[in-house]
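The next block holds one structure in the form of structure tokens; read it before the comments.
Just so it is clear, the values below take in all heavy atoms, side chains as well, and ignore hydrogens, waters and symmetry mates.
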Amino acid sequence: MEAMASSSSAAKPKPSTTLRVAAFSGSLRKGSWHGGLIRAAEELCEESIPGLQIDHVDISGLPMSNPDLETDDGDGFPPDVEAFRDRVRAADCFLFASPEYNYSVTATLKNALDWASRGTHKCWADKAAAIVSAGGSCGGGRAAFHLRQIGVFLDIHFINKPELQVRAYEDPPKFDADGNLVDAETRERLKQVLLSLQAFALRLQH
């Protein structure tokens, strides 16, 4: 009986781990390519990447980072900021869809990064992340590089490979008029980024 019980116990499948990916678009534009990349990531996870779930976090309503808005000796924040920080803390890893403005990240994205770095609890620390971008000849690559530099201080662990920097103006068309990703090759490259993020996040958890 003991042997049968042991065999039955061993046959039980291990519960699967679902990683929550907090995804942030650095663009506020309606029809943004970067919003389109996040929507495509959501679709890919639902269709073909079990164990990975995208949580698209809207950062457009955050006030500009200002210590005068903080309370409780720097550990209290406005309600919108508290809610944002809670979602960052709840995530297992991050996906940044970052356009390039003047060789850097947008003010919107930098503001979000700053708010979640304030106080004694550093919300970003020791979690995996990936960057995707779209733009002109560099595909947003200089912003991605700058974001990696910011991540050093925030203790974010970015995957190194593969990279996804979409040259959006080159044929064939990468996005439609609403910013949706329509290019099959780019979609496959995005899937490989997500799989790499998933594998790295799981490694960091063990």
Side-chain angles (χ1 to χ4, degrees), residues 2-26 34 37-59 75 81-98 105 109-110 112-133 140-141 143-165 181 186-206:
E2 290 182 2
M4 290 179 63
S6 175
S7 175
S8 174
S9 174
K12 291 181 180 179
K14 296 178 67 177
S16 60
T17 300
T18 298
L19 298 176
R20 293 163 295 182
V21 186
F24 313 92
S25 171
H34 296 83
L37 286 169
I38 292 176
R39 288 192 297 276
E42 290 178 298
E43 294 166 1
L44 285 165
C45 289
E46 291 172 1
E47 294 168 0
S48 58
I49 309 180
L52 205 62
Q53 179 179 326
I54 301 291
D55 174 23
H56 188 176
V57 181
D58 183 6
I59 59 176
D75 278 324
V81 175
E82 288 281 15
F84 165 70
R85 288 168 57 90
D86 286 344
R87 289 176 75 178
V88 173
R89 278 194 295 264
D92 297 296
C93 51
F94 309 118
L95 176 66
F96 295 96
S98 176
V105 300
L109 182 54
K110 183 59 165 62
L113 290 162
D114 290 344
W115 269 126
S117 71
R118 302 288 297 173
T120 55
H121 188 100
K122 310 305 182 187
C123 304
W124 304 108
D126 208 27
K127 294 181 181 180
I131 305 168
V132 294
S133 58
F145 181 68
H146 194 188
L147 181 52
R148 287 177 177 274
Q149 291 179 301
I150 297 168
V152 171
F153 183 78
L154 300 181
D155 199 22
I156 300 173
H157 306 304
F158 287 106
I159 64 168
N160 290 323
K161 300 290 182 182
E163 296 180 304
L164 180 58
Q165 296 156 5
L181 181 63
T186 303
R187 190 179 182 89
E188 178 59 29
R189 291 174 61 199
L190 175 59
K191 180 179 178 180
Q192 295 308 312
V193 169
L194 294 169
L195 288 170
S196 179
L197 174 62
Q198 182 183 39
F200 190 35
L202 289 171
R203 281 172 54 195
L204 289 179
Q205 289 185 353
H206 291 87

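In this structure, Gln192 contributes its side chain and Lys161 its backbone to no donor-acceptor pair below 3.5 Å. For Ser98 (side chain) and Gly26 (main-chain N/O), no donor-acceptor pair under 3.5 Å exists by modelled atom type. Arg87 places no side-chain N or O within donor-acceptor distance of the main-chain N or O of Asp55, the cut-off being under 3.5 Å. Panel note: side chain Asp92, backbone Arg20; a donor-acceptor pair is recorded below 3.5 Å.
Of all non-hydrogen atoms in Gly119 and Asp75, the two that sit nearest each other are CA-OD1, 3.2 Å. Annotation for Phe200 and His157: closest pair CE2-O, 3.5 Å, computed over non-hydrogen atoms. Taking both residues in full, the closest heavy atoms of Pro162 and Ser196 are given as CD-CB, 3.7 Å, listed atom of the first, atom of the second, then distance. Contact detail for Ile54 and Ala23: the closest heavy-atom pair is CG2-CB, 3.8 Å. Nearest approach of Leu154 to Ser117, heavy atoms of both residues: CD2-CB, 3.5 Å. Here the closest non-hydrogen pair linking Cys45 and Leu52 is CB-O, 3.2 Å.
One distance of note links CG of Leu190 with CG of Leu37; it measures 6.5 Å at 0.5 Å rounding. Here the CG-CD1 distance, from Leu113 to Ile59, works out to 7.5 Å after rounding to the nearest 0.5 Å. Rounding to the nearest 0.5 Å gives a distance of 10.5 Å between CZ of Phe84 and CZ of Arg89. The structure places CZ of Arg187 at 12.5 Å from CG of Leu164, a figure rounded to the nearest 0.5 Å. Within the model, atoms CG of Leu195 and OG of Ser48 stand 7.5 Å from one another, a figure rounded to the nearest 0.5 Å. If you take NZ on Lys191 and CD1 on Ile49, they are separated by 6.0 Å, rounding to the nearest 0.5 Å.
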### Query
Does the side-chain contact (heavy atoms from CB on, under 4.5 Å) test come out yes or no for Asp114 and Lys110, once each step is laid out?
CA-CA 6 Å; Asp114 290 344; Lys110 183 59 165 62; 2.8 Å; yes

### Query
Between Leu181 and Glu43, is a side-chain contact (heavy atoms from CB on, under 4.5 Å) present by the stated rule, with each step listed?
CA-CA 11 Å; Leu181 181 63; Glu43 294 166 1; over 6 Å; no

### Message
side-chain contact (heavy atoms from CB on, under 4.5 Å), that's the test. Do Leu147 and Ile156 meet it? Break it down for me.
### Response
CA-CA 10 Å; Leu147 181 52; Ile156 300 173; over 6 Å; no

### Query
Between Val193 and Ile159, is a side-chain contact (heavy atoms from CB on, under 4.5 Å) present by the stated rule, with each step listed?
CA-CA 8 Å; Val193 169; Ile159 64 168; 4.1 Å; yes

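In this pair, Phe24 and Phe94 present their aromatic rings tilted. The plane angle is within the 30 to 60° band. In this structure, Trp124 and Phe96 have tilted ring planes: the angle between them lies in the 30° to 60° band.
The salt bridge (charged side-chain N to carboxylate O under 4.0 Å, His left out) test applied to Glu82 returns no partner, not counting sequence neighbours.
Residue pairs meeting the salt bridge (charged side-chain N to carboxylate O under 4.0 Å, His left out) criterion with at least one partner in residues 118-129, sequence neighbours excluded, are Glu70-Arg118.
By the 4.5 Å heavy-atom criterion applied to side chains, His56 and Leu95 are not counted as neighbours.
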